[in-house]
*Asks:* 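One structure, as structure tokens, below. Some questions next.
Owing to the predicted nature of the structure, the values given are computational and were not obtained by experimental measurement. Throughout, protein chains are lettered first and strands after them, A, B, ... in sequence-line order, and every chain is numbered starting at 1.
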Amino acid sequence: MPDDVLDKIYDPKTVEEKWMKRWEEDRVFHADARSDRPSFSIVIPPPNVTGSLHLGHALNSTLQDILARWKRMSGYNVLWLPGTDHAGIATQNVVERQLAAEGGKDRHELGREAFIERVWDWKAHSGGTILEQLKRLGASCDWSRERFTMDSGLSRAVQEVFVRLYKEGLIYRHKRLINLCPQCRTALSDIEVEHEDVQGKMYYIKYPLAGDAEAFLVVATTRPETLLGDTAVAVHPDDPRYNALIGKKIKLPLTDRTIPIISDPILVDREKGTGAVKITPGHDFNDEQSGKRHGLEKISLIDWSGETSPWALREEAQVQPDLVKSLSIKSMSKARKIVVKTLEEAGLLIKTEDHTHALGKCYRCKTIVEPFDSPQWFVKVDEQNNSLAKGAIDAVRQKRIRLIPESWEANYFGWMENIEDWCISRQIWWGHQIPVWYCKVCDESDLLAVPGSDELIIASDATPIVGASSCAKCGGTDLVQDPDVLDTWFSSALWPFSTLGWPAELQPDEAGRLEAEAMLKRFYPTSTLVSAFDILFFWIARMIMMGLHFIKEVPFKDVYIHALVRDADGQKMSKSKGNVVNPLDLMAKHGTDALRFTLASMASPGRDIKLAEERIEGYRNFCNKLWNAARFIMMNRPENKAEAHPKSEQTLITRWIQSRLHQSIQSVSRALENYRFDEAAQEIYQFTWHTYCDWFVELSKVDLQRDETRQESYQSLVDIFEETLRLLHPFMPFLTEELWAYFQEGETCLAIAPYPVYDAQKIDSQAKEVVQSVVIDTVLAVRNMRGEMNIPPSETLPLFIKTTEQGIEDQIEKALPYLKRLARLSEVVIGVSVTKPSMAAFATTSYGEIYLPLDEARIRDEVDRLRKRLDKTEKSIEVLGKKLSNKKFVANAPEAIVEKTKMEQQEHLENKERLLGEVNHLQALLSAESGDV
RNA sequence: GGGCGGGUAGCUCAGUUGGGAGAGCGUCGGCCUUACAAGCCGAGGGUCACAGGUUCGAGCCCUGUUCCGCCUACCA
């Protein structure tokens with residue numbers, strides 16, 4: 001048991017370290033695979049192993065933790081499964097940079113095997129950082145079930161999924177244009193390309209007709225360098241400017257080739273550019289389509305490094321020999337400069353115009369991507385009768401999966417309905433190597449060695465051997481595995497079931513199989529997925545497709561989509577802008593609970609979070625407030641428990657605070673059920689600070705001083721405080737757990753104590769009404785008078801209360817001690833026949849008028865105060881009067897509204913009379929006085 | 001080009017089915033009232049982006065305009 005005296009100020013540091021350790025040691029967050037209690041499961045969006053905690057993670061994890069802790073306390077068997085993603089390209093980049101910095105061998109010199117070993121070393125050494133940081137945030141994950149996307153179990157799942165999809169015809173290998181990142185030297189899927197508007201130029205180029213030195217066409221392009229790979233020029237068949245030229249030939253500038261002028265009404269828009277389009281099937285996705293329609297040759301000018309290939313320039317593109325040398329082994333942007341200059345010198349460049357257009361960049365390294373023709377593996381998403389996309393669309397449309405907020409559905413449908421096949425092969429080493437082999441004998445000619453290394457390139461017509469250990473043709477077993485690895489998102493798409501042990505039948509032993517079956521049964525489908533919107537397509541949509549396809553059930557029921565955290569100016573945080581705020585710094589500075597509470601209270605749906613540090617300070621103060629409330633209670637603890645009085649009857653104050661508490665419990669529960677973390681946080685804040693501390697504690701000070709109420713009052717302070725701690729725990733786990741320990745005799749952690757449940761019987765509306773009108777409203781009225789007239793609290797005053805009816809007097813009598821203390825009154829005179837002192841401030845309450853006697857010096861202040869009130873009252877009378885004199889309002893508005901308005905108006909009018917009378921009265925006193933002088 | 005979200009107090013944001021706008025921080029005034037000065041008490045502050053419309057009544061519903069942000073797109 002801790003000491004009885006708390007420090008004046010809450011110090012989060014030691015508390016946080018202590019409890020994270022304790023929770024883990026006591027296995028408080030352990031999920032039971034065989035429990036009969038209802039399940040609640042969340043899989044964490046696995047952060048990259050390379051990652052370190054940023055505010056996005058902090059928000060994401062805080063929200064998940066609030067749900068997990070709330071459900072755990074509510075009696076659920078909670079699984080919050082943690083883990084990390086191997087993040088293929090990102091991680092490989094990190095280790096490659098490290099190799100470069102060390103100045104040793106690069107990965108090609110090292111060789112594939114050694115390099116991968118090196119990445120594992122790196123992972124063992126620094127891959128756990130982010131999970132440690134999540135622990136510091138208080139994340140109540142079942143840390144014994146941590147997973148990694150390249151664990152043996154998850155890798156088995158990946159292989160199984162690949163093989164099955166291949167056999168179902170939903171995975172295929174095909175040569176076509178893909179997005180190449182020359183920096184990462186790998187293919188990217190469409191959504192891994194970010195588009196950015198850049199200020200570029202539009203080039204208008206003369207394309208001379210073959211065999212006619214004078215005649216030419218003008219084409220417009222933003223990428224003149226690709227003209228070397230043109231294999232046709234297209235015009236619209238209905239375009240009178242050009243249709244006569246269809247079938248004629250162009251003498252392609254800078255090359256020795258002639259290319260046809262073709263008709264393509266699909267590709268060509270007569271309004272755009274010059275109406276004549278150069279077609280480069282090897283470097284443009286649309287042109288590739290057009291080329292396919294017309295059987296055009298596809299010329300690729302570049303290789304995997306994104307640089308021009310001398311062989312391709314010479315043999316394929318037939319670039320003029322004197323140009324080949326200067327154009328060889330150049331990036332496309334360098335090639336552009338050379339091509340433009342050459343065209344200019346040849347008089348073929350007519351003009352250039354400024355032109356903004358979107359440029360594709362790699363989402364990992366921001367390098368400009370190039371369309372590149374190469375064989376790749378694809379997942380067939382939009383297959384008619386076995387459509388992964390269709391199932392995923394239906395699941396959301398039929399509300400088997402709920403997107404929250406619902407507005408994301410439109411985005412989801414929009415993307416899913418226009419989805420393209422998913423390129424899943426990557427030309428990197430770190431990742432799940434594609435489980436496909438080729439026969440070294442039968443496919444010898446298709447296995448192309450990369451010069452100077454043991455690496456291979458597999459030609460597009462090689463025959464894949466999938467799910468078999470020998471060649472189907474020759475029966476040979478001398479096989480070689482496909483060198484590509486799978487897109488990182490392929491394995492994360494399986495995360496909701498691969499982490500639970502799927503496929504159970506492939507577990508290495510019987511115990512593993514049983515455990516996997518139990519886990520899948522208990523926890524799949526998972527309950528809620530909490531994620532930022534930026535990976536809706538990368539991850540969420542693909543999990544839905546895979547989950548439905550392989551488990552035949554949705555992977556989660558609710559998807560809560562939260563916003564992005566931005567800096568105080570609304571800018572996206574990024575390393576390059578240097579505006580990244582490190583949550584760990586904020587936690588160290590203000591305490592983890594303060595940061596968590598801030599994030600939760602700002603998480604209103606459909607809106608980005610602009611994080612202002614002042615806000616965190618405010619909630620740090622809130623932590624301190626709670627801490628001091630505990631301190632106050634401790635200071636009033638009876639010295640000796642044995643001596644404590646038996647519990648007396650519940651006082652008015654107890655009944656009132658219980659009502660207020662349960663009102664708040666109800667609001668908080670409702671808010672949490674609707675994922676309104678902000679509303680829940682606000683409600684708790686309001687109750688804790690402004691109801692419990694500002695009123696209840698202050699009122700209790702009175703009862704604590706009286707023998708007959710001391711015990712009851714103390715008990716009530718403790719009871720309500722404990723409930724508050726429980727209510728607050730999911731938001732502020734550390735502080736509440738620490739304080740809980742001070743009041744708990746038992747050994748149970750607050751983390752697994754029952755969450756408060758709303759009980760309608762605890763609502764005592766009479767107690768609520770009495771405390772509100774007799775105590776609170778009266779105190780507020782007196783405080784207002786004092787405040788407006790700057791009467792210091794040290795100056796106690798008498799108060800006269802003139803009640804309108806007899807019965808209320810008893811109640812006021814009972815409330816007198818509270819009134820006296822909270823309003824700083826010396827004495828109180830009550831009665832129907834109380835007359836107003838001549839010099840007094842006055843206010844109206846629901847049970848009558850109150851008067852605060854004044855000395856002459858303050859009369860002028862009172863007149864000012866009354867005038868302000870009179871002003872407001874008159875304004876209200878005017879507005880309401882207009883409304884009531886509007887016949888249409890009286891005729892059309894609901895009766896209740898009209899009645900309410902009339903009553904309000906009545907009150908205002910009476911009030912005005914009183915105020916006016918009083919102002920005149922005091923005014924008269926004042927002038928009489930000045931007259932005397 | 002298309003789509004989505006947003007514009008409410010000096011700042012950051014709430015505002016559930018339409019019935020005279022709220023919070024936190026900041027500001028101003030008063031308090032060391034024996035839990036907390038990271039506190040207590042009181043006060044001031046808003047043409048709800050703009051313009052129309054529907055309605056007895058609009059921050060909320062409809063139309064248009066404007067500014068900001070994001071997503072998306074094959075515009076040579």
Side-chain angles (χ1 to χ4, degrees), chain A residues 6 8-10 191 195 202 219-223 234 266-269 271-280 284-287 289-290 355 357-358 405 407-408 410-411 414-415 418 533-534 536-537 563-564 566 568 570-572 590 601-602 604 606-612 614-615 617-636 670 674 676 678-679 682 685-686 690 693-694 697-698 701 779-780 783-794 796 821-822 824 868 876 879-880 883 886-894 896-898 900-901 904:
Chain A
L6 299 181
K8 265 182 143 182
I9 286 176
Y10 168 57
I191 53 176
H195 295 272
M202 180 73 81
V219 300
T221 179
T222 55
R223 298 199 302 156
I266 298 172
L267 183 72
V268 177
D269 180 341
E271 309 298 316
K272 300 261 164 64
T274 60
V277 189
K278 64 194 273 309
I279 298 184
T280 324
D284 184 283
F285 292 101
N286 287 313
D287 292 3
Q289 294 300 315
S290 175
H355 182 76
H357 60 278
S407 51
W408 284 104
N411 265 32
W415 189 69
N418 298 297
F533 62 79
D534 54 347
L536 181 59
F537 306 136
L564 254 38
R566 300 172 181 282
Q571 297 285 309
K572 195 170 177 173
H590 306 294
S601 69
M602 296 186 85
S604 24
R607 192 162 184 150
D608 283 347
I609 295 178
K610 279 192 247 175
L611 193 72
E614 301 82 64
R615 195 79 184 246
E617 279 171 26
Y619 292 119
R620 176 208 55 185
N621 295 354
F622 178 59
C623 292
N624 201 44
K625 189 76 181 171
L626 191 75
W627 178 261
N628 273 286
R631 187 162 178 260
F632 172 79
I633 299 172
M634 310 264 315
M635 289 167 87
N636 285 284
R670 274 191 192 147
N674 294 314
R676 288 304 303 261
D678 56 331
E679 286 180 358
Q682 284 312 316
Y685 179 95
Q686 210 63 27
H690 298 302
C693 292
D694 286 352
V697 167
E698 293 306 318
K701 285 176 180 172
V779 169
L780 288 176
R783 279 179 183 168
N784 172 265
M785 298 189 238
R786 301 185 75 116
E788 292 281 285
M789 286 180 275
N790 285 338
I791 304 174
S794 53
T796 57
R821 181 180 173 107
L822 270 59
R824 313 234 110 216
K868 271 199 285 184
S876 301
V879 172
L880 293 184
K883 216 167 176 176
N886 181 348
K887 281 182 189 142
K888 284 181 180 168
F889 170 73
V890 181
N892 293 326
I897 299 288
V898 178
K900 196 179 130 209
T901 312
E904 278 171 16

*Asks:* According to a strict under-4.0 Å criterion, is A:Lys8 in side-chain N/O contact with OP1 or OP2 of B:A37?
*Replies:* yes
*Asks:* CG of A:Asp287 versus P of B:C75: gap in Å, rounded?
*Replies:* 12 Å
*Asks:* Below the 4.0 Å mark, does B:U34 have OP1 or OP2 next to a side-chain nitrogen or oxygen of A:Arg821?
*Replies:* no
*Asks:* Please figure out whether A:Val697 or A:Arg786 has its closest RNA chain B nucleotide nearer the 5' end.
*Replies:* A:Val697
*Asks:* How does RNA chain B read in dot-bracket, base by base from 5' to 3', with Watson-Crick or G-U pairs under 3.5 Å and | used when the partner is on another strand?
*Replies:* (((((((..((((.....[..)))).(((((.......))))).....(((((..]....))))))))))))....
*Asks:* Considering just the side-chain nitrogens and oxygens of A:His355, establish if one lies under 4.0 Å of OP1 or OP2 belonging to B:A76.
*Replies:* yes
*Asks:* Say whether, by atom type as modelled, one donor and one acceptor occur between the side chain of A:Arg615 and the main chain of A:Met602 under 3.5 angstrom.
*Replies:* no
*Asks:* Measure CG/A:Asp678 against C1'/B:U12 and give the value in whole Å, please.
*Replies:* 13 Å
*Asks:* Counting side-chain heavy atoms from C-beta on, which of B:A76, B:A38, B:C13 comes nearest to A:Ser604?
*Replies:* B:C13
*Asks:* Within the sub-3.5 Å range, which N or O atoms of nucleotides 1-9 of chain B have a protein N or O partner, and how far apart are they?
*Replies:*
from	atom 1	to	atom 2	distance (Å)
B:G5	O2'	A:Gly606	O	3.2

*Asks:* May I ask you to verify if any side-chain N or O of A:His690 is less than 4.0 angstrom from the OP1 or OP2 atom of B:G24?
*Replies:* yes
*Asks:* Please give, in whole Å, the distance from B:C70 P to A:His195 NE2?
*Replies:* 15 Å
*Asks:* I'd like the P distance from B:A49 over to B:G7, given in whole Å.
*Replies:* 7 Å
*Asks:* Might you list the N or O atoms of the protein lying below 3.5 Å from N or O atoms in nucleotides 30-32 of chain B, with each pair's distance?
*Replies:*
none

*Asks:* Can you see if the side chain of A:Lys868 gets near the phosphate of B:A43 - specifically, an N or O under 4.0 Å from OP1 or OP2?
*Replies:* no
*Asks:* Indicate whether OP1 or OP2 belonging to B:A35 is found under 4.0 Å from a side-chain N or O atom of A:Lys701.
*Replies:* yes
*Asks:* Could you check whether A:Glu617 pairs with A:Arg620 (Lys NZ or Arg NE/NH1/NH2 to Asp/Glu carboxylate O, under 4.0 Å)?
*Replies:* no
